[in-house]
Structures are given as structure tokens and as C-alpha cells.
Number of protein chains: 2
Amino acid sequence: MRLVEIYQCLCDETRLRLLNLLQTGPLCVCHLQEVLDMGQVAVSKHLGYLRRHGLVTATREGKWRIYRLVDPAPPELRRHLACLQDCTREIPLFCEDQRRLAARLQDCCPPGPRAGTREPSAIHFRTKPNP
Amino acid sequence: MRLVEIYQCLCDETRLRLLNLLQTGPLCVCHLQEVLDMGQVAVSKHLGYLRRHGLVTATREGKWRIYRLVDPAPPELRRHLACLQDCTREIPLFCEDQRRLAARLQDCCPPGPRAGTREPSAIHFRTKPNP
DNA sequence: ACCTCATATTCCCTTAACGGAATATGAATG
DNA sequence: CATTCATATTCCGTTAAGGGAATATGAGGT
């Protein structure tokens, strides 16, 4: 993976927020969209951008598309994601996003660790229809 | 300093090369230009960009303008520059740049440590006129 | 087979990056 | 003070990013 490519992916606030959330585990698009409170097109395009550049991967689970950080990540990427995490830890916007995500997942997913789980239903089990 | 701002500065190859070279110490524009083998406008603009965003500072020394990494650097920036350095160490282009710079400085500056020196003449002492 | 839901893609507009040619600036030097 | 040298700025064209509205796709449910 080229270094500039990594930075190009990281140089947009929306994409930083997406990666910050994905660092907690795999997520479907609608959750990301709700937490970021942004239009569907924007979120989808940024996720596509990250996928085309190899930072995330996507799989289908039923109707949903689950995004997760690429695994295993190439060394340059791992270094930079760690660096990013060090920084976002102290930035209110990113912390708020994490809290909003946790809250949103509460009335959606069964309890227990989400990241790394094998069951799709643990990643996305919608209990309420979308508005 | 905002995080996105840092990544915006790092998401261009020319700027990465400039920062890679500046990490070895202060440098004038013409040296950077020669090592990168790029047009004067491009180099000047990228340096201006880095300066406006607070990654480097510039001072006049006689006819020359000396650029150096901002010091002290804010913590997010230091982390990222360290991360960058870890990565560039293994990338041929950046290593070649370093070698070209070292060679170029040989027939220009008096021997001895360059970075952190107080004498302007140690930073730029042109021995041959430009073509 | 149709309908719905989640997501992607296309089209369009606005804005910004990048680089070169030409020109401006400002210090040093004769 | 006119010239030269190093660098910055302006103007211009090309290219790409970002986001919304509308539309397409594709899986599940009825």
C-alpha cells in the first residue's frame, strides 16, 4: 500500500470518523450513517473510497453490508491507524461518536462482545424499522 | 492543530518528500528544489502550503529562505512525523532523496553537523552558481 | 412475481488542488 | 541605482473531491 494513498484516505473528517468507529468493530452502513448524522450518499461514497483504497472490506449479511477494517492490515496502515487512535482519543467529536455508537447498538444488538464475533446477527440485528 | 489539517498536508507525495528532507535539518528552497528535481513554482507552493498549515517555519538568511520543521511541534504532529519517518525509512524514493541531499550538501556546506546549527552559512553556502 | 429495505451509482454543481508561464518582490552586489 | 539571484505570487487550465437528488441494484419478505 502506498503511503500517500493512506494519507489521502485520512485527509477527510468524515472518513476519520468512519475509521474511528470501525476501530471498535465491524459495522453496517446504516449504523454509521446514524451516528455520523450524514446523508446516505456521503457515507456510502466515503466507505466506497476507503474500500477501493484497501483500508476496509465489505461483506453482505442479509440485506446489510458490513464494513470492517482490513485484516490483516499492512504494516504502514497499522502504524497509522494506531497513531490516529492515539490522537482521536483526546478529541471530543470522536469520543462523542463512540458514545453515540454504543448507545445506538444497545437497542439493536444482543449483549456481549461485538468485534470479532462470527454471527452476523451480532453485527446487525435491527429491532426498529427505519423512519 | 487539527488532525485533518495534518493529513491534508501529508496527502501529497511532493510534500512528503519535502518533510522527509526537512527532518534531517533546516534547508533552503533551492536545495529542496534540486533534490526533488521539480519546478520552482511547485516546490515554493508546497512549502507555502506547509507553512500556512503550521508544519514548517521559514526565515530569511541573506538571499535565501530557510525552511525548517516547526519547533516545538504540537503532540499530534510529532506523533505523525515519527510515524511517517518509520515508514519512509523503507521506501526507496525517500532514501534516494536523502542520499541526493547529502551529496548536494557536500559541495555546498562546510563539514560538521548541520541541523540545529546557529550559523546561517552552515545551512546554505552556495559554492557554484545556478545553471 | 411484486414490494420494501439497505446500499450503491449516476448526474450535476461547487470548490479546491496541482503545475507551469509569466511576473513581482526583496536582498545583495557591483 | 541597476542588476542579479532566490523565492513568492498571479493567472490559467486541468483534474479531482465532496455532497445532494434521483435512480439503480440486489436481497428478503409477502
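By convention in this document, chain letters (A, B, ...) are assigned in the order of the sequence lines, proteins followed by strands, and residues within each chain are numbered from 1. Computed from a predicted structure; not experimentally measured.
- Taking the six-membered ring for Trp and thresholds of 30 and 60 degrees, A:Y7 and B:Y7 have ring planes inclined between 30 and 60 degrees apart.
- Judged by the 6.0 Å distance and 45° axis criteria, A:R15 is positioned over the aromatic ring of A:Y49.
- Residue B:L36 contributes atom CG, which lies 11 Å from atom P of C:dG19 at whole-angstrom precision.
- Heavy-atom nearest nucleotides on DNA chain D were determined for A:Q8 and for B:Q33, and the one closer to the 5' end corresponds to B:Q33.
- Candidate nucleotides C:dG19, C:dA8, D:dG18 were compared by shortest atom distance to the side chain of A:D12, and D:dG18 ranks first.
- Of the candidate nucleotides D:dG20, D:dT9, C:dA27, D:dG20 has the atom nearest to the side chain of A:A42.
- In the set D:dG26, D:dT7, C:dT7, the nucleotide with an atom closest to the side chain of A:C30 is C:dT7.
- Contact annotation: A:H46 side-chain N/O to D:dG19 OP1/OP2 distance is under 4.0 Å.
- Looking at which nucleotide of DNA chain D each of A:G62 and A:Y49 is closest to, the 5′-most match is held by A:Y49.
- OP1 or OP2 of C:dA8 lies within a sub-4.0 Å distance of a side-chain N or O belonging to A:Y67.
- In this model, a side-chain donor or acceptor of A:K45 finds a partner on the base of D:dG19 within 3.5 Å.
- Following rounding to the nearest Å, A:R52 (CZ) and D:dA17 (C1') show an atom-to-atom distance of 11 Å.
- Two residues are said to be in side-chain contact when any heavy atoms from C-beta on lie closer than 4.5 Å; B:T57 and B:D71 fail this criterion.
- Under 4.0 angstrom from either OP1 or OP2 of D:dA17 there lies no side-chain N or O belonging to A:R15.
- If you measure from atom NZ of A:K63 to atom P of C:dT4, you get 11 Å, rounded to the nearest angstrom.
- Rounded to an integer number of Å, the gap from CG of B:L47 to P of C:dC18 is 13 Å.
- You won't find any donor-acceptor pair under 3.5 Å spanning the side chain of A:Q40 and the base of C:dA6, going by distance alone.
- Here the side chains of A:Y67 and A:L27 are not in contact, with every heavy-atom distance at 4.5 Å or above.
- A sub-4.0 Å separation between OP1 or OP2 of D:dA8 and a side-chain N or O of B:R65 is present.
- Between the side chain of B:T24 and the backbone N or O of B:L21 there is at least one donor-acceptor pair closer than 3.5 Å.
- For A:S44, taking side-chain heavy atoms from C-beta onward, the closest of the listed nucleotides C:dT7, C:dA8, C:dC5 is C:dA8.
- Looking at the side chain of B:V41, the nearest of the listed nucleotides C:dC5, C:dC18, C:dA21 is C:dA21.
- Across the protein-nucleic acid pair, B:L16 atom CG and C:dA17 atom C1' stand 15 Å apart, rounded to whole Å.
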